[in-house]
Amino acid sequence: MSTPPLTLWRGARLATMCPGAPWGLIDDGALLVEGDTLRWVGAEHALPPALARQAEHDISLDGALVTPGLIDCHTHLVYGGHRATEFELRLQGASYDEIARAGGGIRSTVTATRVATDALLYKLAAQRARTLMAEGVTTIEIKSGYGLSAEHEARCLRVARRLGRELPLTVRCTSLGAHAVPHEYTGRPDDYIDAVCDWLTMQHGEGLVDAVDAFCDHIAFTPAQTRRIFEAARRLGLPIKLHAEQLSNQHGAALAAEFGALSADHLEHLDDAGIAAMAKAGTVAVLLPGAFYFLRETRLPPTPELRAAGVPIAIASDHNPGSSPGLSLLLMLNMACTLFRMTPEEALAGVTVHAAQALGLAQTHGRLQAGRQADFVVWDLAAPNELAYWFGRNPCRRIVRAGVEIEST
Ligand SMILES: O=C(O)CC[C@@H]1NC(=O)NC1=O
Ligand SMILES: [Fe+3]
(Lines give C-alpha, C1' and ligand atoms only; values in the text may rest on other atoms or scores of the structure.)
(Ligands and ions follow the chains in the order given, each with its own letter.)
Protein backbone atom coordinates (compact mmCIF):
# COMPACT_ATOMS: atom_id res chain seq x y z
CA MET A 1 0.00 0.00 0.00
CA SER A 2 1.50 3.37 -1.04
CA THR A 3 2.40 5.73 1.79
CA PRO A 4 0.42 8.99 1.81
CA PRO A 5 2.29 12.11 0.61
CA LEU A 6 4.22 14.19 3.11
CA THR A 7 3.40 17.89 3.36
CA LEU A 8 5.79 20.27 5.11
CA TRP A 9 4.30 23.41 6.71
CA ARG A 10 7.20 25.67 7.75
CA GLY A 11 7.87 29.17 9.08
CA ALA A 12 5.12 28.97 11.69
CA ARG A 13 4.76 30.24 15.23
CA LEU A 14 3.45 27.01 16.78
CA ALA A 15 1.27 27.14 19.90
CA THR A 16 1.51 23.37 20.34
CA MET A 17 -0.21 23.38 23.76
CA CYS A 18 2.35 20.75 24.78
CA PRO A 19 3.94 20.99 28.24
CA GLY A 20 7.35 22.61 28.74
CA ALA A 21 6.79 26.22 27.69
CA PRO A 22 3.89 28.69 27.85
CA TRP A 23 1.42 27.75 25.07
CA GLY A 24 3.99 25.02 24.12
CA LEU A 25 5.32 27.80 21.92
CA ILE A 26 7.88 27.07 19.15
CA ASP A 27 8.73 30.28 17.32
CA ASP A 28 10.23 29.10 14.06
CA GLY A 29 8.30 25.88 13.85
CA ALA A 30 7.44 23.26 11.27
CA LEU A 31 4.82 20.55 10.92
CA LEU A 32 5.29 17.48 8.75
CA VAL A 33 1.93 15.91 7.86
CA GLU A 34 1.56 12.36 6.54
CA GLY A 35 -1.99 11.48 5.52
CA ASP A 36 -4.25 12.43 8.44
CA THR A 37 -1.47 12.39 11.04
CA LEU A 38 1.23 14.73 12.32
CA ARG A 39 4.47 12.92 11.49
CA TRP A 40 6.84 15.52 13.01
CA VAL A 41 6.44 18.76 14.99
CA GLY A 42 9.25 21.03 16.15
CA ALA A 43 11.68 23.84 15.45
CA GLU A 44 12.42 23.94 11.73
CA HIS A 45 16.19 23.87 12.26
CA ALA A 46 15.81 20.52 14.04
CA LEU A 47 13.87 18.86 11.21
CA PRO A 48 15.98 15.96 9.87
CA PRO A 49 17.01 16.96 6.29
CA ALA A 50 16.33 13.45 5.01
CA LEU A 51 12.76 13.77 6.26
CA ALA A 52 12.34 17.28 4.82
CA ARG A 53 13.51 16.04 1.40
CA GLN A 54 10.68 13.47 1.35
CA ALA A 55 8.04 16.21 1.47
CA GLU A 56 6.06 16.45 -1.80
CA HIS A 57 4.52 19.78 -0.77
CA ASP A 58 6.35 22.59 1.01
CA ILE A 59 4.23 25.45 2.35
CA SER A 60 5.72 28.53 4.02
CA LEU A 61 3.51 30.30 6.57
CA ASP A 62 5.62 33.46 6.95
CA GLY A 63 5.56 33.43 10.73
CA ALA A 64 1.79 33.04 11.15
CA LEU A 65 0.41 31.66 14.39
CA VAL A 66 -0.68 28.00 14.24
CA THR A 67 -2.72 26.24 16.93
CA PRO A 68 -4.33 22.82 17.24
CA GLY A 69 -7.78 22.60 15.65
CA LEU A 70 -10.33 24.01 18.08
CA ILE A 71 -12.69 21.63 19.91
CA ASP A 72 -16.22 22.61 20.96
CA CYS A 73 -16.84 19.93 23.60
CA HIS A 74 -20.43 20.82 24.56
CA THR A 75 -23.20 21.66 22.04
CA HIS A 76 -26.89 20.93 21.51
CA LEU A 77 -26.63 21.58 17.76
CA VAL A 78 -29.59 19.45 16.54
CA TYR A 79 -33.00 21.03 17.10
CA GLY A 80 -35.89 22.79 15.39
CA GLY A 81 -37.37 26.21 16.01
CA HIS A 82 -36.02 29.01 18.21
CA ARG A 83 -36.78 30.63 21.57
CA ALA A 84 -36.57 34.38 20.78
CA THR A 85 -39.99 35.02 22.40
CA GLU A 86 -38.75 33.37 25.61
CA PHE A 87 -35.74 35.67 25.43
CA GLU A 88 -38.13 38.65 25.38
CA LEU A 89 -40.13 37.23 28.31
CA ARG A 90 -36.96 36.85 30.36
CA LEU A 91 -36.02 40.46 29.57
CA GLN A 92 -39.45 41.43 30.93
CA GLY A 93 -38.71 39.63 34.19
CA ALA A 94 -39.70 36.00 33.75
CA SER A 95 -37.04 33.56 34.97
CA TYR A 96 -35.67 30.57 33.07
CA ASP A 97 -37.09 28.35 35.84
CA GLU A 98 -40.56 29.91 35.66
CA ILE A 99 -40.72 29.52 31.88
CA ALA A 100 -39.58 25.88 32.12
CA ARG A 101 -42.12 25.10 34.87
CA ALA A 102 -44.86 26.73 32.76
CA GLY A 103 -44.14 24.22 29.98
CA GLY A 104 -41.89 26.44 27.91
CA GLY A 105 -38.16 26.07 27.70
CA ILE A 106 -36.78 22.73 26.56
CA ARG A 107 -40.28 21.32 25.98
CA SER A 108 -41.09 24.03 23.43
CA THR A 109 -37.99 23.11 21.45
CA VAL A 110 -38.95 19.43 21.74
CA THR A 111 -42.27 20.23 20.06
CA ALA A 112 -40.50 22.07 17.22
CA THR A 113 -37.92 19.30 16.84
CA ARG A 114 -40.45 16.47 16.69
CA VAL A 115 -42.34 18.11 13.79
CA ALA A 116 -39.16 18.93 11.86
CA THR A 117 -38.13 16.48 9.11
CA ASP A 118 -34.75 14.73 9.24
CA ALA A 119 -33.72 16.79 6.21
CA LEU A 120 -34.57 20.07 7.95
CA LEU A 121 -32.85 19.04 11.20
CA TYR A 122 -29.73 18.15 9.22
CA LYS A 123 -29.82 21.37 7.17
CA LEU A 124 -30.13 23.55 10.28
CA ALA A 125 -27.46 21.66 12.23
CA ALA A 126 -25.07 21.69 9.26
CA GLN A 127 -25.44 25.47 8.95
CA ARG A 128 -24.62 25.82 12.65
CA ALA A 129 -21.66 23.44 12.40
CA ARG A 130 -20.23 25.33 9.39
CA THR A 131 -20.44 28.59 11.35
CA LEU A 132 -18.36 27.04 14.14
CA MET A 133 -15.97 25.46 11.62
CA ALA A 134 -15.33 28.84 9.98
CA GLU A 135 -13.60 29.87 13.23
CA GLY A 136 -11.25 26.88 13.19
CA VAL A 137 -13.38 24.29 15.01
CA THR A 138 -12.42 20.82 13.77
CA THR A 139 -14.09 18.69 16.47
CA ILE A 140 -17.61 19.14 17.91
CA GLU A 141 -19.56 17.25 20.54
CA ILE A 142 -23.26 17.12 19.70
CA LYS A 143 -25.90 16.08 22.22
CA SER A 144 -29.40 14.81 21.67
CA GLY A 145 -31.98 16.06 24.18
CA TYR A 146 -34.72 17.69 22.11
CA GLY A 147 -36.42 14.51 20.99
CA LEU A 148 -37.24 12.98 24.42
CA SER A 149 -38.70 9.81 22.93
CA ALA A 150 -37.04 6.65 21.55
CA GLU A 151 -37.91 7.64 17.98
CA HIS A 152 -36.97 11.31 18.08
CA GLU A 153 -33.84 10.94 20.23
CA ALA A 154 -32.51 8.37 17.75
CA ARG A 155 -33.41 10.69 14.84
CA CYS A 156 -31.38 13.51 16.40
CA LEU A 157 -28.37 11.27 17.04
CA ARG A 158 -28.52 9.98 13.45
CA VAL A 159 -28.45 13.59 12.23
CA ALA A 160 -25.38 14.20 14.40
CA ARG A 161 -23.67 11.08 13.06
CA ARG A 162 -24.44 12.20 9.48
CA LEU A 163 -22.74 15.54 10.16
CA GLY A 164 -19.58 13.63 11.08
CA ARG A 165 -19.80 11.63 7.87
CA GLU A 166 -20.56 14.46 5.46
CA LEU A 167 -18.61 17.42 6.88
CA PRO A 168 -14.81 17.65 7.37
CA LEU A 169 -15.41 17.52 11.09
CA THR A 170 -14.90 15.05 13.95
CA VAL A 171 -18.25 14.61 15.69
CA ARG A 172 -18.73 12.98 19.07
CA CYS A 173 -22.35 12.09 19.89
CA THR A 174 -23.74 12.30 23.41
CA SER A 175 -27.13 10.87 24.38
CA LEU A 176 -29.02 13.35 26.59
CA GLY A 177 -32.47 11.80 26.91
CA ALA A 178 -32.49 12.94 30.55
CA HIS A 179 -32.61 16.60 29.48
CA ALA A 180 -36.23 17.23 30.58
CA VAL A 181 -39.44 15.25 31.23
CA PRO A 182 -41.55 15.34 28.04
CA HIS A 183 -45.21 16.29 28.30
CA GLU A 184 -46.40 12.68 27.84
CA TYR A 185 -44.56 11.75 31.07
CA THR A 186 -45.69 14.76 33.13
CA GLY A 187 -45.71 13.78 36.81
CA ARG A 188 -43.99 10.46 36.03
CA PRO A 189 -40.24 11.29 35.92
CA ASP A 190 -39.17 7.89 37.20
CA ASP A 191 -41.15 6.14 34.44
CA TYR A 192 -39.44 8.44 31.97
CA ILE A 193 -36.01 7.51 33.36
CA ASP A 194 -36.96 3.84 32.80
CA ALA A 195 -37.73 4.66 29.16
CA VAL A 196 -34.45 6.55 28.72
CA CYS A 197 -32.46 3.62 30.12
CA ASP A 198 -34.28 1.24 27.77
CA TRP A 199 -33.70 3.22 24.59
CA LEU A 200 -30.06 3.84 25.50
CA THR A 201 -29.44 0.15 24.75
CA MET A 202 -30.97 0.51 21.29
CA GLN A 203 -29.03 3.70 20.54
CA HIS A 204 -25.79 2.03 21.60
CA GLY A 205 -26.60 -1.03 19.50
CA GLU A 206 -26.99 1.23 16.47
CA GLY A 207 -23.64 2.90 17.14
CA LEU A 208 -25.18 6.29 17.83
CA VAL A 209 -23.60 7.04 21.22
CA ASP A 210 -20.08 8.00 22.33
CA ALA A 211 -21.13 9.22 25.80
CA VAL A 212 -24.21 9.67 27.99
CA ASP A 213 -25.24 12.93 29.70
CA ALA A 214 -28.07 14.12 31.97
CA PHE A 215 -29.36 17.41 33.41
CA CYS A 216 -29.17 17.14 37.21
CA ASP A 217 -30.82 20.21 38.72
CA HIS A 218 -33.85 21.28 40.75
CA ILE A 219 -35.83 21.90 37.54
CA ALA A 220 -34.63 18.69 35.89
CA PHE A 221 -33.58 15.32 37.32
CA THR A 222 -32.63 14.33 40.87
CA PRO A 223 -29.31 12.72 41.81
CA ALA A 224 -31.14 9.39 42.31
CA GLN A 225 -32.64 9.58 38.79
CA THR A 226 -29.28 10.67 37.41
CA ARG A 227 -27.59 7.73 39.11
CA ARG A 228 -29.94 5.35 37.27
CA ILE A 229 -28.90 6.87 33.94
CA PHE A 230 -25.24 6.47 34.90
CA GLU A 231 -25.77 2.84 35.91
CA ALA A 232 -27.40 2.13 32.55
CA ALA A 233 -24.45 3.79 30.77
CA ARG A 234 -21.98 1.80 32.86
CA ARG A 235 -23.76 -1.47 31.95
CA LEU A 236 -23.21 -0.54 28.29
CA GLY A 237 -19.60 0.50 28.85
CA LEU A 238 -20.38 4.09 27.83
CA PRO A 239 -18.56 7.08 29.39
CA ILE A 240 -20.65 9.73 31.11
CA LYS A 241 -20.84 13.52 31.38
CA LEU A 242 -23.25 15.69 33.40
CA HIS A 243 -24.94 19.09 33.32
CA ALA A 244 -24.22 19.76 36.97
CA GLU A 245 -24.68 22.60 39.50
CA GLN A 246 -25.92 25.02 36.85
CA LEU A 247 -28.91 26.54 38.72
CA SER A 248 -28.56 24.88 42.15
CA ASN A 249 -26.27 22.54 44.10
CA GLN A 250 -27.57 18.98 43.73
CA HIS A 251 -24.08 17.53 44.29
CA GLY A 252 -24.26 16.21 40.74
CA ALA A 253 -20.57 16.83 40.05
CA ALA A 254 -19.58 14.55 42.94
CA LEU A 255 -21.97 11.90 41.63
CA ALA A 256 -20.47 12.24 38.13
CA ALA A 257 -16.96 11.94 39.58
CA GLU A 258 -18.03 8.81 41.49
CA PHE A 259 -18.78 7.27 38.07
CA GLY A 260 -15.47 8.49 36.62
CA ALA A 261 -17.18 11.04 34.38
CA LEU A 262 -15.32 12.53 31.45
CA SER A 263 -16.73 15.92 32.46
CA ALA A 264 -19.11 17.86 34.65
CA ASP A 265 -20.46 20.95 32.91
CA HIS A 266 -21.73 24.44 33.90
CA LEU A 267 -20.72 24.26 37.64
CA GLU A 268 -21.78 27.74 38.82
CA HIS A 269 -23.00 26.19 42.10
CA LEU A 270 -20.14 23.70 42.52
CA ASP A 271 -18.88 23.34 46.13
CA ASP A 272 -15.54 22.30 47.60
CA ALA A 273 -16.59 18.65 47.98
CA GLY A 274 -17.52 18.53 44.31
CA ILE A 275 -14.19 20.09 43.32
CA ALA A 276 -12.26 17.56 45.42
CA ALA A 277 -14.23 14.67 43.93
CA MET A 278 -13.58 15.92 40.37
CA ALA A 279 -9.87 16.39 41.08
CA LYS A 280 -9.62 12.84 42.45
CA ALA A 281 -11.51 11.33 39.51
CA GLY A 282 -9.75 13.37 36.80
CA THR A 283 -13.13 14.72 35.67
CA VAL A 284 -12.86 17.80 33.44
CA ALA A 285 -14.75 20.98 34.44
CA VAL A 286 -16.47 22.30 31.33
CA LEU A 287 -17.37 25.96 31.84
CA LEU A 288 -20.02 27.51 29.62
CA PRO A 289 -19.74 31.32 29.65
CA GLY A 290 -22.34 31.74 26.91
CA ALA A 291 -25.11 30.31 29.13
CA PHE A 292 -23.88 32.28 32.15
CA TYR A 293 -23.99 35.48 30.08
CA PHE A 294 -27.26 34.84 28.22
CA LEU A 295 -29.18 33.83 31.38
CA ARG A 296 -27.66 36.84 33.15
CA GLU A 297 -26.34 34.61 35.91
CA THR A 298 -24.53 36.28 38.79
CA ARG A 299 -22.95 33.34 40.57
CA LEU A 300 -19.55 32.59 39.01
CA PRO A 301 -18.20 29.06 38.71
CA PRO A 302 -15.35 28.53 41.23
CA THR A 303 -12.54 29.01 38.70
CA PRO A 304 -9.81 29.86 41.28
CA GLU A 305 -10.66 26.81 43.40
CA LEU A 306 -10.80 24.52 40.34
CA ARG A 307 -7.41 25.87 39.26
CA ALA A 308 -5.93 25.39 42.75
CA ALA A 309 -7.23 21.81 42.89
CA GLY A 310 -5.69 21.02 39.49
CA VAL A 311 -9.02 20.24 37.83
CA PRO A 312 -8.63 20.60 34.03
CA ILE A 313 -10.92 23.38 32.76
CA ALA A 314 -12.49 23.23 29.31
CA ILE A 315 -14.58 25.96 27.63
CA ALA A 316 -17.43 25.30 25.19
CA SER A 317 -20.21 27.15 23.38
CA ASP A 318 -23.10 25.11 24.86
CA HIS A 319 -24.90 26.14 21.67
CA ASN A 320 -28.63 25.63 22.26
CA PRO A 321 -31.76 27.69 21.57
CA GLY A 322 -32.64 28.36 25.21
CA SER A 323 -29.62 29.34 27.26
CA SER A 324 -26.79 29.90 24.77
CA PRO A 325 -27.87 30.61 21.18
CA GLY A 326 -24.38 31.67 20.12
CA LEU A 327 -22.14 30.16 17.45
CA SER A 328 -18.73 31.65 18.19
CA LEU A 329 -16.26 29.54 20.13
CA LEU A 330 -13.74 32.39 19.85
CA LEU A 331 -16.16 34.68 21.70
CA MET A 332 -16.31 32.03 24.44
CA LEU A 333 -12.53 32.41 24.84
CA ASN A 334 -12.96 36.11 25.46
CA MET A 335 -15.88 35.52 27.85
CA ALA A 336 -13.92 32.86 29.75
CA CYS A 337 -11.28 35.53 30.45
CA THR A 338 -13.51 38.57 30.84
CA LEU A 339 -16.31 36.92 32.88
CA PHE A 340 -14.58 33.96 34.54
CA ARG A 341 -11.11 35.53 34.90
CA MET A 342 -9.31 32.69 33.17
CA THR A 343 -6.00 33.53 31.49
CA PRO A 344 -5.82 33.56 27.67
CA GLU A 345 -3.56 30.49 27.82
CA GLU A 346 -6.06 28.65 30.06
CA ALA A 347 -8.84 29.62 27.67
CA LEU A 348 -6.99 28.21 24.64
CA ALA A 349 -6.20 25.04 26.61
CA GLY A 350 -9.94 24.96 27.33
CA VAL A 351 -10.81 24.55 23.64
CA THR A 352 -7.87 22.28 22.79
CA VAL A 353 -6.12 20.02 25.34
CA HIS A 354 -8.84 19.98 28.03
CA ALA A 355 -11.71 19.89 25.55
CA ALA A 356 -10.11 16.81 23.97
CA GLN A 357 -9.89 15.24 27.43
CA ALA A 358 -13.58 16.01 28.07
CA LEU A 359 -14.43 13.98 24.94
CA GLY A 360 -12.14 11.02 25.61
CA LEU A 361 -9.80 12.21 22.81
CA ALA A 362 -6.84 13.14 25.03
CA GLN A 363 -4.42 10.87 23.17
CA THR A 364 -5.26 11.89 19.60
CA HIS A 365 -6.49 15.52 19.59
CA GLY A 366 -5.91 18.87 21.26
CA ARG A 367 -2.14 19.25 20.82
CA LEU A 368 0.31 19.72 17.94
CA GLN A 369 2.34 16.60 18.64
CA ALA A 370 3.71 13.81 16.44
CA GLY A 371 1.26 10.92 16.23
CA ARG A 372 -1.87 12.99 16.74
CA GLN A 373 -4.51 13.74 14.13
CA ALA A 374 -3.35 16.57 11.84
CA ASP A 375 -5.97 19.14 12.85
CA PHE A 376 -4.54 22.66 12.93
CA VAL A 377 -5.48 26.26 12.22
CA VAL A 378 -3.39 29.03 10.67
CA TRP A 379 -4.36 32.42 12.10
CA ASP A 380 -3.92 36.00 10.89
CA LEU A 381 -2.41 36.71 14.29
CA ALA A 382 1.09 37.01 15.73
CA ALA A 383 0.52 36.11 19.39
CA PRO A 384 -1.67 33.33 20.88
CA ASN A 385 -3.17 35.64 23.51
CA GLU A 386 -4.85 37.54 20.68
CA LEU A 387 -7.28 34.61 20.25
CA ALA A 388 -8.99 35.56 23.55
CA TYR A 389 -8.39 39.30 23.09
CA TRP A 390 -10.25 40.04 19.85
CA PHE A 391 -13.99 39.49 19.79
CA GLY A 392 -16.39 39.91 16.90
CA ARG A 393 -13.46 39.25 14.55
CA ASN A 394 -12.63 35.94 12.88
CA PRO A 395 -8.83 35.83 12.36
CA CYS A 396 -8.87 32.30 10.97
CA ARG A 397 -6.84 32.11 7.74
CA ARG A 398 -6.50 28.40 6.88
CA ILE A 399 -7.88 25.21 8.45
CA VAL A 400 -6.48 21.69 8.11
CA ARG A 401 -8.52 18.79 9.41
CA ALA A 402 -7.10 15.27 9.35
CA GLY A 403 -4.32 16.49 7.04
CA VAL A 404 -6.71 17.98 4.44
CA GLU A 405 -7.10 21.73 4.00
CA ILE A 406 -10.73 22.80 4.31
CA GLU A 407 -12.06 25.25 1.75
CA SER A 408 -13.06 28.32 3.75
CA THR A 409 -16.83 28.69 3.50
O1 LIG B 1 -33.04 25.73 27.39
C2 LIG B 1 -32.64 24.80 26.67
O3 LIG B 1 -33.13 24.51 25.56
C4 LIG B 1 -31.45 23.97 27.13
C5 LIG B 1 -30.63 24.69 28.14
C6 LIG B 1 -29.38 23.93 28.47
N7 LIG B 1 -29.64 22.58 28.83
C8 LIG B 1 -29.27 22.36 30.08
O9 LIG B 1 -29.36 21.29 30.66
N10 LIG B 1 -28.75 23.48 30.62
C11 LIG B 1 -28.77 24.45 29.72
O12 LIG B 1 -28.38 25.58 29.86
FE1 LIG C 1 -25.80 22.17 27.70
Side-chain angles (χ1 to χ4, degrees), residues 72-87 89-90 94-114 124-125 128 140-148 152 156 160 172-182 196 211-222 225-226 229 240-248 250 252-253 256 261-270 284-297 299 301 314-327 329 332 335 355 358-359:
D72 192 350
C73 69
H74 182 136
T75 83
H76 306 251
L77 223 51
V78 180
Y79 62 87
H82 64 74
R83 303 251 288 280
T85 305
E86 182 181 308
F87 173 58
L89 290 173
R90 287 198 297 104
S95 74
Y96 183 84
D97 293 18
E98 287 162 356
I99 292 168
R101 291 185 197 285
I106 292 171
R107 278 189 178 182
S108 66
T109 300
V110 170
T111 303
T113 302
R114 287 181 174 179
L124 294 171
R128 296 163 189 150
I140 295 182
E141 181 255 17
I142 301 177
K143 304 174 190 293
S144 65
Y146 290 114
L148 304 191
H152 293 293
C156 292
R172 302 291 281 178
C173 296
T174 299
S175 184
L176 175 60
H179 196 199
V181 177
V196 175
V212 179
D213 191 351
F215 183 15
C216 182
D217 221 306
H218 67 287
I219 62 163
F221 295 94
T222 66
Q225 291 161 346
T226 302
I229 296 290
I240 57 121
K241 306 163 110 359
L242 187 64
H243 284 68
E245 277 71 278
Q246 177 183 4
L247 306 171
S248 64
Q250 302 293 319
L262 289 172
S263 73
D265 303 35
H266 283 286
L267 302 178
E268 282 85 347
H269 291 259
L270 179 66
V284 176
V286 178
L287 302 187
L288 303 168
F292 175 90
Y293 161 79
F294 192 69
L295 295 180
R296 303 198 315 277
E297 292 296 344
R299 184 186 174 104
I315 301 296
S317 69
D318 190 19
H319 177 79
N320 73 80
S323 71
S324 191
L327 282 166
L329 192 60
M332 299 299 113
M335 285 186 171
L359 296 182

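Throughout, numbering of the chain's residues begins at 1 and tracks the sequence. Counting starts at 1 for both ligands and their atoms, following the listed order.
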Review point. Can you tell if the side chain of Q246 reaches within under 4.5 Å of the side chain of F215, non-hydrogen atoms only?
Key: yes

Check your understanding: Going from OG on S144 to NE2 on H76, what distance comes out if it is rounded to the nearest 0.5 angstrom?
Key -> 9.5 Å

Exercise for review: May I ask you to check whether D265 brings an N, O or S atom to under 2.8 Å from the Fe ion (ligand 2)?
Suggested key: no

Review point. Can you tell which of K241, E141, H243 makes a side-chain hydrogen bond (donor to acceptor under 3.5 Å, both in side chains) with H74?
Key: H243

Revision key, fill the gap. Smallest heavy-atom separation, P301 atom then L287 atom, equals CB-CD2, 3.9 Å

Check your understanding: If you look at every heavy atom in T109 and G80, which pair is closest and at what distance?
Key -> CG2-O, 3.6 Å

Revision key, fill the gap. Output for ligand 1, non-hydrogen cut-off under 4.0 Å, lists R83, Y96, I106, Y146, H179, F215, H243, Q246, H266, D318, N320, G322, S323

Point to revise | Straight-line distance of I142 CD1 to C156 SG, nearest 0.5 Å | key: 11.0 Å

Practice item. Start with the C-alpha distance between E245 and H266, add both sets of side-chain angles, then the distance that settles side chain to side chain contact (heavy atoms under 4.5 Å, CB included), and finish with yes or no. Key: CA-CA 7 Å; E245 277 71 278; H266 283 286; over 6 Å; no

Check your understanding: Within H74, is some N, O or S atom less than 2.8 Å away from the Fe ion (ligand 2)?
Key -> yes

Exercise for review: Have a look at the Fe ion (ligand 2) and estimate, to 10 degrees, the angle subtended by NE2 (H76) and OD1 (D318).
Suggested key: 90°

